[in-house]
**Q** 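Sharing a structure here in structure tokens format.
In what follows, chains are A, B, ... by sequence order, proteins preceding strands, each numbered from 1. Below, all heavy atoms of this structure are taken into account, side chains as well, without hydrogens, waters or symmetry copies.
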2 protein chains.
Amino acid sequence: MNASRTARDRARVELTREIKETARRQLAVEGAQRLSLRAVARELGMVSSALYRYFPSRDDLLTQLIIDAYDGIGGAAEQAAAALPADRPQARWHAQCTAIRAWARANPHEFALVYGTPVPGYEAPEDTVAPASRVPIALLGTLRDADALGLLAGPADELPAGLAAQAAAITEATGVSLPAAVTVRAVIAWSQLSGMISFELFGTFAGTLEPADAFFEAAVARMSDFVGLPPAA
Amino acid sequence: MNASRTARDRARVELTREIKETARRQLAVEGAQRLSLRAVARELGMVSSALYRYFPSRDDLLTQLIIDAYDGIGGAAEQAAAALPADRPQARWHAQCTAIRAWARANPHEFALVYGTPVPGYEAPEDTVAPASRVPIALLGTLRDADALGLLAGPADELPAGLAAQAAAITEATGVSLPAAVTVRAVIAWSQLSGMISFELFGTFAGTLEPADAFFEAAVARMSDFVGLPPAA
DNA sequence: CCTTTTCGAGAGCACCGCTCTCGTCTGAGA
DNA sequence: TCTCAGACGAGAGCGGTGCTCTCGAAAAGG
């Protein structure tokens with residue numbers, strides 16, 4: 001029952017890993033669009049058809065990279081939060097947003113893979129749902145911890161019934177319990193964060209907000225207020 | 001000096017238009033990634049090499065479609081604003097945001113073309129800058145008109161010098177004069193809008209905020225407050 | 001009328017994802 | 001220990017892509 005019993009098994013695991021790593025390197029350099037199975041095979045000294053013993057299609061290989069990207073950016077957000085105490089929620093919020101942006105800037109093509117235009121024929125398999133949730137859960141978690149400590153100024157937004165129900169569904173799906181109005185504002189902030197990073201990475205700010213550091217700092221501070229966190233100590 | 005003197009000239013203009021139109025139709029159906037010169041040529045009953053008499057490359061054809069997309073979404077924002085009086089800035093803001101989202105939902109691939117992942121080797125030519133500015137200028141214009149009527153509660157955000165300078169540069173580039181803090185908040189709202197629409201179109205909300213109408217309404221209202229507009233009459 | 005320019009067609013190059021076949025080699029059961 | 005099914009890599013090939021080059025026809029302009 002060993003994880004790698006025979007030589008063949010070990011070789012298979014090893015090669016699968018190498019293929020993924022080579023693909024990730026090519027993705028980082030060229031972008032998802034130009035990621036080519038043949039090029040990966042060439043770099044590994046094999047013929048392209050041999051790759052199909054390990055990944056049934058290019059989309060499948062891409063799915064693996066998407067999962068890795070979600071885990072990467074989600075892990076960055078989680079680590080940033082864990083490095084700070086729960087009673088400093090504003091600092092946590094700031095650290096998370098900064099870590100997410102830093103990860104995106106360090107891995108722009110991976111960011112584009114998960115938050116940019118989806119690949120045309122591609123449909124997200126079930127396996128991507130959990131990794132994809134890590135970032136929003138991390139953000140919501142910071143707010144929940146702040147709320148538990150009485151550090152969250154809950155906004156008094158009136159929500160229509162439908163939206164309140166959707167917020168409750170999010171609470172259920174994420175397991176992070178928050179007032180509906182806070183959940184909605186948190187999702188707004190999350191999409192703001194993603195939009196801002198997209199603008200920065202995809203060149204929408206070209207010629208105006210470059211570098212975007214000061215703008216990003218300001219936006220994070222505003223969003224921190226927006227979701228009801230207390231000002232920085 | 002007539003615009004179309006000879007038969008050849010007329011045919012050229014006509015064919016150029018037809019190629020663009022066919023390409024736009026394919027883009028709408030298949031997405032930019034799958035837009036194929038050969039397929040366009042096939043649909044027009046010509047051979048692929050003949051297209052190169054009209055567009056030097058696929059990227060050039062794509063650039064034309066990008067400009068059209070910018071004009072389409074920018075025009076939608078402008079028309080929505082023009083349909084309402086300047087003394088109802090909140091209604092204008094709401095109408096603009098709604099029009100932008102509606103356009104994006106009606107033309108998802110075009111939206112992805114301009115606000116999604118950029119094409120790898122692609123570099124935005126100068127001709128795209130002006131059309132690309134129409135949306136932010138329309139949004140800023142609503143705030144400027146409100147400000148001129150004394151209807152804007154200017155936020156008292158403290159901005160670092162560098163960011164204030166960038167905001168001033170935006171004012172200069174767009175020709176829309178606003179306090180720096182408002183400009184910054186407007187750009188935050190703009191990126192929020194784009195991020196939210198991306199989430200909706202690209203499937204990030206799948207299974208939670210679908211349909212996103214109520215959420216969108218709430219977000220637009222929050223952003224309206226955020227940029228300093230008075231509540232709806 | 002004759003020359004220059006423009007145009008469409010066709011062949012071709014290098015690439016792509018993917019499929020199929022065919023020897024080879026491995027490893028598990030008899 | 002031997003055998004045979006299954007896993008494997010190589011290779012050829014299919015249909016597709018963007019793009020280049022050449023060639024003959026047609027139009028425009030002198």
Side-chain angles (χ1 to χ4, degrees), chain A residues 1-20 22-23 26-27 29-66 109 113 118-123, chain B residues 1-20 22-23 26-27 29-66 109 113 118-123:
Chain A
M1 291 298 175
N2 200 319
S4 53
R5 276 179 11 267
T6 70
R8 202 189 292 241
D9 279 352
R10 262 180 285 119
R12 179 166 242 286
V13 169
E14 178 68 14
L15 239 179
T16 305
R17 204 188 48 75
E18 266 186 63
I19 292 170
K20 246 178 73 176
T22 306
Q26 287 201 3
L27 168 69
V29 174
E30 299 274 10
Q33 194 133 200
R34 299 198 174 171
L35 172 62
S36 143
L37 275 187
R38 291 181 114 107
V40 170
R42 230 176 291 130
E43 193 171 325
L44 289 173
M46 21 182 8
V47 87
S48 75
S49 62
L51 284 198
Y52 287 84
R53 303 280 182 194
Y54 300 89
F55 294 93
S57 75
R58 181 182 178 279
D59 271 9
D60 259 79
L61 178 52
L62 217 48
T63 298
Q64 297 301 315
L65 300 182
I66 288 174
H109 289 119
L113 204 55
V119 182
Y122 185 80
E123 206 156 324
Chain B
M1 291 300 174
N2 199 320
S4 54
R5 277 177 11 266
T6 70
R8 181 118 74 178
D9 279 351
R10 263 180 286 118
R12 178 166 244 285
V13 169
E14 179 67 15
L15 238 179
T16 305
R17 203 187 48 76
E18 265 187 65
I19 292 170
K20 244 177 76 175
T22 306
Q26 287 203 2
L27 168 68
V29 174
E30 299 275 11
Q33 192 131 202
R34 298 199 174 170
L35 172 62
S36 143
L37 274 186
R38 291 181 113 108
V40 171
R42 229 176 292 133
E43 192 170 325
L44 289 173
M46 23 184 2
V47 87
S48 74
S49 62
L51 284 197
Y52 287 84
R53 302 279 183 196
Y54 300 88
F55 293 92
S57 76
R58 182 180 177 279
D59 271 9
D60 257 77
L61 177 53
L62 217 49
T63 298
Q64 298 300 314
L65 299 183
I66 287 174
H109 290 119
L113 205 55
V119 182
Y122 184 79
E123 206 156 324

**Q** Select base, sugar-phosphate, or nothing to describe what B:Leu44 touches, counting heavy atoms under 4.0 Å on all strands.
**A**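 It contacts nothing in the nucleic acid.
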**Q** Give the nucleotide from the list D:dG29, C:dT19, C:dT6 with an atom nearest to the side chain of B:Thr6.
**A**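 Between D:dG29, C:dT19, C:dT6, the one nearest the side chain of B:Thr6 would be D:dG29.
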**Q** Counting only side-chain N and O atoms of A:Arg10, is one of them less than 4.0 Å from OP1 or OP2 of C:dG27?
**A**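 No, A:Arg10 has no side-chain N/O under 4.0 Å of OP1/OP2 on C:dG27.
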**Q** Strictly below 4.0 Å: does B:Tyr54 bring a side-chain N or O up to OP1 or OP2 of C:dG8?
**A**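 Answer is yes, contact under 4.0 Å.
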**Q** Which part of the nucleic acid, if any, lies within reach of B:Ser57 when heavy atoms closer than 4.0 Å are counted: base, sugar-phosphate only, or nothing?
**A**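 Contact class for B:Ser57: sugar-phosphate only.
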**Q** What's B:Leu15 touching, base or sugar-phosphate or nothing? Going by heavy atoms closer than 4.0 Å.
**A**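 It contacts sugar-phosphate atoms only.
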**Q** Consider the side chain of B:Arg8, meaning its heavy atoms from C-beta on, and name the nucleotide among D:dA27, C:dG8, D:dG9 that approaches it most closely.
**A**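 Minimum distance to the B:Arg8 side chain belongs to D:dA27.
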**Q** Please classify the nucleic acid contact of B:Ala7 as base, sugar-phosphate, or nothing, using heavy-atom distances under 4.0 Å.
**A**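 Sugar-phosphate contact only.
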**Q** Counting just side-chain N and O atoms, does A:Arg58 come under 4.0 Å of either OP1 or OP2 of C:dG17?
**A**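 For C:dG17, OP1/OP2 do have a side-chain N/O of A:Arg58 under 4.0 Å.
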**Q** Less than 3.5 Å apart, which donor and acceptor atoms pair up between the side chains of residues 42-57 of chain A and the rest of the protein, not counting sequence neighbours?
**A**
{"from": "A:Glu43", "atom 1": "OE1", "to": "A:Gln26", "atom 2": "NE2", "distance (Å)": "3.4"}
{"from": "A:Glu43", "atom 1": "OE2", "to": "A:Arg25", "atom 2": "NH2", "distance (Å)": "2.7"}
{"from": "A:Ser57", "atom 1": "OG", "to": "A:Asp59", "atom 2": "N", "distance (Å)": "3.3"}
{"from": "A:Ser57", "atom 1": "OG", "to": "A:Asp60", "atom 2": "N", "distance (Å)": "3.3"}

**Q** Output the rounded distance in Å from CZ (A:Arg12) to C1' (D:dG6).
**A**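 Going from CZ in A:Arg12 over to C1' in D:dG6 covers 12 Å.
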**Q** Give a yes/no on whether any side-chain N or O of B:Ser49 is located under 4.0 angstrom from OP1 or OP2 of C:dG10.
**A**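 Answer is no, no contact under 4.0 Å.
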**Q** Please report the end-to-end axis angle for the helix from C:dC1-D:dG30 to C:dA30-D:dT1, five pairs per end, rounded to 10 degrees.
**A**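 Helix axis angle between the two ends: 10°.
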**Q** With DNA chain C as reference, determine whether B:Arg38 or A:Arg38 sits nearer its 5' end, using the nearest nucleotide of each.
**A**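 Nearer the 5' end of the strand: B:Arg38.
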